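The structure appears right after this line, and notes come after that.
These figures come from a predicted structure and were not determined experimentally.
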Amino acid sequence: MMSKSIMLLWILITVQCLLSNAKAIEQKFIEEPESVSVKEGDNVTLACTVDNKVGVIQWTKDDFGLGTFRNLSEYSRYRMVGEEGRTWNLEIVNVTLEDDAKFQCQVGATEFVGPIRSKYSVVRVSASPQPPVITAGPLMVLREGKIALVQCISKGGKPASVIRWKRNGELITNGVQEKVDKLNDSLRFITVSTLTFPVTVNLTGSILECEASNEADEHSRTVSTEIEVEYAPQVSMSLDRETIYEGDTVRLSCKAEANPDLIEYQWSLDGKEVKEGRGAKELVIDLDRGFNRQQVTCSARNKIGQNSADLTIDVKYSPIFTVSPQDIIGSNGDKISLECQVDSNPPATYLWLKDDQNVGSGPLLSFALSNRTSGTYTCQALVSGYSPASISSRVQIRGPPVILVDSGAQFGSSGETVHVVCEAESVPAAKSFSWSFNGNVLRSDSPVYSIIETQHGSRVRSTVIINNTEKEHFGDYVCNVENEIGSSAVSISLKEKEYMPLLIIISAAIGGFLLTIVVIVIVMTCRKVAKTKSDNSSWPKPSHQIQPDRFSNSSSDSPTESNTTSSMSTEEDLDGSDSLPEYHANYVKSQPDLFPRNSNVYASNYYSRNNYSNSNNYSDYRQYNSEHDLLDQTKFSGNYHNPYLQSVSPVSDFSLGSNLSPSYGNIPNRSDPKYLSGRENALLHKLQGHVSVEELNETSIGTHV
C-alpha cells in the first residue's frame, strides 16, 4: 500500500515537471512574411523565422498546404530555404500568374505546445499587356456636325490596363467609356476604351492619342491617329461694344469659315427672319429695353451644310416701378403687406425704410400693424450703375387722435399777437377740436381769442390766436381732439418771455473783458519767471582744465557706493565707474556757463548716494558768483542747502593728504571758523584726508541727486 502511494506521488511530480517545461517552451515567429508585388518571370522569397520550434512547419497557398519538407518536391518552382532549424523562407522561382495568391507559414502543435500561424502574405503578380490598338487606323475622316466614335484596345495585361485619351497632348475626360473583361477565364484582362465626341471644324489636323499603362510596364504605350474634318461653315458673331445701354445703336458682325468658302448669310431675331439683313455680314440695330434678352441669329450655308451662331442681347436700363406700394389704413393687429417691383437690368435689390431706418429687404414687406409700426414706408430699388429709385406709402392705424405737440411750454410777449398751436394725427379724421384756458372753454367768436383749423391728410392743426396779449392771458391751455373712436388731450403752458436787463448784459461783458486781461497778465508773468530761472541755471565757463575727481568710482576705496550723475544722466551712464570722470568732464565742457569765468574753482564729478536721493530726483538750485558765496553758510540757512557744495570740490594732481590744490589760493583765510565748522569743516577735512567718505556723506550739505 505504501509503495503504491509513493508511485502515485512520483507520477504526479513527473507530470508537474513536464507541464512546467511545456510552459517554459513557447513557439514564436521572429520574422513573418510580408505582402509583395512582383512582375511575371521574377523571383520572390517570403520570410519565415521561428524561435523554439518544436512542431512541424509548412507553407500554405490560399490555405492549401504545400508540404513539410524543405524541397517541396510537388512544386518545381517552390522550396523552403534558410538556416536549418531556424529559418524556413519560401522561395518562388520564375513567378507566373498562378502564383498570384495568399501564402502563410504555419508551425504545428505538440502535446504540450500549441500551434502558431504567421500573417498572410499576399503575392500580387502583374503581367505586361500587348501594344494598344486604335480601331480607326492612322487617319480618321470625319464630317462636321456628326458624333465621332473611336475605340482603343489593350489586352493580355494583369491587372487590367488603364487607358487615357489625349488630343494634341491635352487630356480628354468627357465622352470616355471603359470596359474591362477577363480573357477566356484566365487571369489576364482586356481593356476597351470608347471615345465619343462631336466633330467640329477646329479638330482638323488634330492628333488623337491612346495611352495604355500597366503596373507591369515601366512606361506607358501610345498609339495615335490624325483627324481630318469636312465641315459646313463655322460661324461666330461679335458686337462693336462690350456694354449696351438703352438708346444705343449697335453693330453686329457675322464671321464664317467653311470649306468650300462659298457662303450665303441670313439673319433672324428671336426666330423671325430679318429680311433687310439677307446676304449681309453685318446688322445694325437701334436698341431700347424691349430688345433685352432677345436672341440674334446669323446663319451661313455652303454645299456641305449650314451652321449658325446666336447672341443674346443684354441691354442695361434704369429701374421703372411696375408695382407700387399702396397707402393702407388698418386696425391694430392687422397683417400688412407692402409690395414694390421694378423693371430694370441688371435686376434690382430692394430695401424698405421707415424713418430713415432699414426695416426689411426684398420686394415684399409684411408686418403686424401697431402704433409702433404705423408710419411712412419707402421702397428703395437699387440697380448697379443707376441712381436708386424710391417710392413711399403711408400705413395708418385706426384709433383715437395722436397729438403731435409735446406737453410743455410755448412762449409769447405781452402786447404782441401770440399763437398757441396744437397738432394731431387722426385716423379716422378728427371730428372736433376744443380749447380751454384755466378750466374755461374757449369760443371761436370770442373778441380776445381766434381759433383757426387747418388739415393736411390725416393731420389737423388748431391754432389759438391771442391779439394784444396781456398778463392774464398767460397760463395753461388744454387742447382736446376727438374722432369717432376716441379723444386725446394735452396741456400746453403759455409763458411770457423773460428779457435780460441791459445792466446785467453790460456787467457780464465788462467782467469777461477784465477776466481776459487778468489771464493774459498771469500767463506773461509765468513766462517771464520761467525765463529768469532758465537764465540763472547756467554758470560761467571755467578757466582751468577739468580734471578727474579723486572721489570718483574708479579710485574710491570706501565701501559706500557713489554714482556720478547729472540732470542728463541715464542708467547706462551710471554703470561703468571708469568712465565717470571722463563723462563728467565732457559734460562740463558742454556747459560753458557752469562755473564763474574768473574763478579758480575746479569742477569735479557730481557725487550722490542712492540712500539719500530726493524722491523727485531734482536738487535745490543756487547761483554763486564767487567761492566766498559757495562756502559762506551765513548767506544761506542750514535748512536751505547748496546742492553744489557737496558735488563741486577742488581737484589737484597732488595728494590731498598733505598738499591742497592751488585752486584754493583765492580763499582768504583757511583758519577762519566759518570754514572750519559744521559740514563745511567736514568737507575741508575730507579734502585734506582727515575725514572718511562715510563721515562726509553723513555731514554733506545739499540735496542728493
Side-chain angles (χ1 to χ4, degrees), residues 200-202 233-257 263 265-301 306-328 337-367 376-395:
T200 58
V201 117
N202 58 350
Q234 181 182 5
V235 185
S236 62
M237 290 181 60
S238 62
L239 282 168
D240 62 346
R241 64 193 66 189
E242 293 184 0
T243 306
I244 304 172
Y245 294 95
E246 184 178 19
D248 288 350
T249 298
V250 298
R251 184 184 302 273
L252 296 92
S253 300
C254 183
K255 182 180 179 181
E257 295 180 0
I263 302 172
Y265 293 93
Q266 185 177 2
W267 294 88
S268 61
L269 184 63
D270 270 355
K272 296 181 180 179
E273 182 184 0
V274 181
K275 296 181 179 180
E276 296 82 357
R278 184 178 297 176
K281 293 184 179 181
E282 293 183 343
L283 185 66
V284 179
I285 306 177
D286 294 330
L287 297 176
D288 58 27
R289 65 179 60 201
F291 282 92
N292 185 49
R293 311 309 300 169
Q294 288 197 7
Q295 189 177 68
V296 180
T297 303
C298 172
S299 302
R301 176 189 303 172
Q306 176 178 310
N307 268 327
S308 62
D310 299 326
L311 188 147
T312 301
I313 302 175
D314 185 16
V315 182
K316 309 292 184 184
Y317 54 89
S318 60
I320 295 179
F321 281 97
T322 57
V323 177
S324 301
Q326 303 298 314
D327 292 340
I328 297 177
S337 294
L338 301 176
E339 182 181 8
C340 74
Q341 291 185 0
V342 299
D343 177 29
S344 66
N345 186 34
T349 58
Y350 299 89
L351 290 178
W352 290 91
L353 305 176
K354 180 179 182 291
D355 299 330
D356 295 328
Q357 299 294 324
N358 184 4
V359 294
S361 60
L364 186 65
L365 179 67
S366 299
F367 56 90
T376 300
Y377 289 81
T378 300
C379 174
Q380 192 175 76
L382 307 176
V383 180
S384 177
Y386 295 94
S387 300
S390 300
I391 190 170
S392 299
S393 67
R394 187 169 179 79
V395 178

- prompt: Can Ser299 and Val235 be said to form a side chain to side chain contact (heavy atoms under 4.5 Å, CB included), step by step?
  reply: CA-CA 7 Å; Ser299 302; Val235 185; over 6 Å; no

message: Assess the residue pair Ser393 and Asp327 against the criterion (side chain to side chain contact (heavy atoms under 4.5 Å, CB included)); give the C-alpha distance rounded to whole Å, side-chain angles, the decisive distance to 0.1 Å, and a yes or no.
response: CA-CA 5 Å; Ser393 67; Asp327 292 340; 3.6 Å; yes

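No side-chain heavy atom of Phe367 sits less than 4.5 Å from a side-chain heavy atom of Val359. Ile328 places a side-chain heavy atom less than 4.5 Å from the side chain of Leu338. Side-chain contact check for Ser361 versus Thr349: every heavy-atom pair is 4.5 Å or farther apart. Side-chain contact between Leu353 and Asn358 is present, with at least one heavy-atom pair separated by less than 4.5 Å. Met237 places none of its side-chain heavy atoms less than 4.5 Å from the side chain of Asp310.
Remark: of the listed residues Thr378, Val395, Ile391, Ile391 is the sole one forming a side chain to side chain contact (heavy atoms under 4.5 Å, CB included) with Pro325. Partner Asp314 forms a side chain to side chain contact (heavy atoms under 4.5 Å, CB included) with one of Asn345, Ile244, Leu239 and no other, that one being Asn345.
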Enumerate donor-acceptor pairs with a distance under 3.5 Å from any side-chain N or O in residues 279-291 to protein atoms, sequence neighbours excluded.
| unit_1 | atom_1 | unit_2 | atom_2 | d |
| --- | --- | --- | --- | --- |
| Glu282 | OE1 | Arg251 | NH1 | 3.3 |
| Asp286 | OD1 | Thr249 | OG1 | 2.5 |
| Asp288 | OD1 | Gly290 | N | 2.9 |
| Arg289 | NE | Glu246 | OE2 | 3.2 |
| Arg289 | NH2 | Glu246 | OE1 | 3.3 |
| Arg289 | NH2 | Ser318 | O | 3.2 |

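The aromatic rings of Tyr245 and Tyr386 lie perpendicular to each other, with more than 60° between the two planes, well past the 30° mark.
Annotation: the span from Tyr377 atom OH to Ser392 atom OG amounts to 12.0 Å, rounded to 0.5 Å. Atoms CD and CG, on Gln341 and Leu364 in that order, are 9.0 Å from each other to the nearest 0.5 Å. For the atom pair Tyr265 OH and Ser308 OG, the distance stands at 13.0 Å (nearest 0.5 Å). Atom CG of Leu311 and atom OG1 of Thr297 lie 9.0 Å apart (nearest 0.5 Å). To the nearest 0.5 Å, the span separating CD on Gln380 from SG on Cys340 amounts to 10.0 Å. Here the CZ-CD distance, from Arg278 to Glu273, works out to 4.0 Å after rounding to the nearest 0.5 Å.
Formation of a donor-acceptor pair under 3.5 Å by the Ser253 side chain with backbone atoms of Ser238 is not found in this model. Counting only distance, with no hydrogens or angles, the side chain of Asp270 and the backbone of Gln295 share a donor-acceptor pair below 3.5 Å. Of the possible polar contacts, one joining the Asn307 side chain to the Pro233 backbone as a donor-acceptor pair under 3.5 Å is found. Listed for the Asn292 side chain is a donor-acceptor partner under 3.5 Å among the backbone atoms of Val315. Judged by distance alone, with hydrogens and angles left aside, the side-chain atoms of Tyr350 form no donor-acceptor pair with the main-chain N or O of Leu365 at under 3.5 Å.
Under the side chain to side chain contact (heavy atoms under 4.5 Å, CB included) criterion, Pro346 pairs with Lys316, Val383, Ser384, not counting sequence neighbours.
Ala348 approaches Ala381 most closely through the heavy-atom pair CB-CB, 4.2 Å. In this structure, Trp352 and Pro363 approach most closely via the heavy-atom pair CZ2-O, 3.6 Å.
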